[in-house]
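Computed from a predicted model, the values in this text were never measured in an experiment.
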Amino acid sequence: MVQSGGQPDAVIDAAFDTFGWKGTRKGYVTKLTMMTNVRRAQALGCDGAEGMENMRRGQSPIVRRGEYFGDKMSVDPILPRAELTDLDNVLANLELMPMRMNSNKSAKLGPRQKEAARLFVWAGILEAAEVPWAASFANRPAASDTAPQPVVRAPAAPARPAKFGGSTRSPVSHRMDCRAIDSIVEDNLVAYGSRDEAIRAGKRPCPKGNP
């Protein structure tokens, strides 16, 4: 999309407009997932000429940046298809990630999966009866087209803005605005309030951003 001169969000809007999804709840939630995948591919260096050509041919692009360098990208459901067969190959439920990240992905239904279920029900992608394990997330707004607000986790310690972060599987720390943060799966992300706190936790500064 970017290689051809178009901005990803505009290309998605144009495509959705052709089959009536633009401005709908289903379109909103599907675009949310697709743009997350675009940002992840960009953060991992998969949007170069080689990666784009691989994707055009239906092949997996190779990670060219970050802790998963050299790994192939894979596609995996956010909510398990084994339990929700209606979500098989539904775009909103497919996330792009390195194969090693995929193999380390937790099978439990955590806050991220429950938030996805809530959004899918709100968008009409899922019926509430299909996700009884996420019942508290399944209520649609009564008379509003505003998307439900993301779940915000309460901090375990006195509230401080997270300025640095890193993966539990990597010895490197990054500023929270570093593109490498986008490549870290949520279950592995650890946040730090300062550079010194990250160093005390055994993390070394990112060689590019040098936080």
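Using a distance-only test at 3.5 Å, with no hydrogens or angles considered, a donor-acceptor pair links the side chain of N37 to the main chain of L96. In this structure, T18 contributes its side chain and A15 its backbone to a donor-acceptor pair below 3.5 Å. Using a distance-only test at 3.5 Å, with no hydrogens or angles considered, no donor-acceptor pair links the side chain of N93 to the main chain of P77. In this structure, R204 contributes its side chain and S173 its backbone to no donor-acceptor pair below 3.5 Å.
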**OP:** In sequence, state the C-alpha distance, the side-chain angles, and the governing distance for F16 and T24, and then conclude on side chain to side chain contact (heavy atoms under 4.5 Å, CB included).
**Re:** CA-CA 9 Å; F16 284 4; T24 67; over 6 Å; no
**OP:** Show the numbers, then the answer: is there a side chain to side chain contact (heavy atoms under 4.5 Å, CB included) between I184 and E67?
**Re:** CA-CA 9 Å; I184 301 174; E67 63 181 295; 3.9 Å; yes
Subject >> Chi angles and distances behind the side chain to side chain contact (heavy atoms under 4.5 Å, CB included) call for M35, I12 >> reply: CA-CA 9 Å; M35 287 303 299; I12 292 170; 3.8 Å; yes
**OP:** Applying side chain to side chain contact (heavy atoms under 4.5 Å, CB included), run through R179 and R39 and close with a yes or a no.
**Re:** CA-CA 9 Å; R179 293 176 68 181; R39 287 191 292 270; over 6 Å; no
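Looking at heavy atoms from C-beta onward, R195 lies in side-chain contact with P205 at the 4.5 angstrom threshold.
If you chain together hydrophobic residues whose side chains sit under 4.5 Å apart, V172 and L44 never meet in one group. M52 and I62 end up in different hydrophobic clusters when Ile, Leu, Val, Met, Phe, Trp and Tyr side chains are linked at under 4.5 Å. Residues M73 and Y68 share a hydrophobic cluster, clusters being chains of Ile/Leu/Val/Met/Phe/Trp/Tyr side chains in contact below 4.5 Å. In the hydrophobic clustering of this structure, V190 does not group with I199; members are Ile, Leu, Val, Met, Phe, Trp, Tyr whose side-chain heavy atoms approach within less than 4.5 Å, directly or through other members. Taken together through direct or relayed side-chain contacts under 4.5 Å among Ile, Leu, Val, Met, Phe, Trp and Tyr, L32 and L79 form part of one hydrophobic cluster.
Salt bridge absent: K163 and E197 never bring a charged side-chain N and a carboxylate O closer than 4.0 Å.
Evaluation of the side-chain hydrogen bond (donor to acceptor under 3.5 Å, both in side chains) rule for Q59 yields no partner, not counting sequence neighbours. Listed by chain and residue number, N102 satisfy the side-chain hydrogen bond (donor to acceptor under 3.5 Å, both in side chains) test with S74 (two or more places apart in sequence, or in another chain). Not counting sequence neighbours, R65 has no partner by the side-chain hydrogen bond (donor to acceptor under 3.5 Å, both in side chains) test. In terms of the salt bridge (Lys or Arg N to Asp or Glu O under 4.0 Å) criterion, residue partners of D177 (sequence neighbours excluded) are, by chain and number, R175. Take D13 and apply the salt bridge (Lys or Arg N to Asp or Glu O under 4.0 Å) test, not counting sequence neighbours, and it matches K31. Contacts of E53 classified as salt bridge (Lys or Arg N to Asp or Glu O under 4.0 Å), with partners at least two apart in sequence or in another chain: R56, R57.
Taking both residues in full, the closest heavy atoms of Y192 and A201 are given as CE2-CB, 3.6 Å, listed atom of the first, atom of the second, then distance. Considering every non-hydrogen atom in both I181 and G166, the closest pair reads CD1-N, 4.4 Å. Listed here is the closest heavy atom pair of A92 and T33: O-OG1, 2.8 Å. When every heavy atom of K72 is checked against every heavy atom of S60, the shortest pair comes out as CB-CB, 4.2 Å. Taking every heavy atom of both residues into account, D71 and P98 meet most closely at OD2-CB, 3.6 Å.
A distance of 14.0 Å separates CD in E127 from CZ in F120, rounded to the nearest 0.5 Å. Distance check: D196 CG to F164 CZ gives 8.5 Å after rounding to the nearest 0.5 Å. Between M34 atom CE and L94 atom CG the span is 10.0 Å, to the nearest 0.5 Å.
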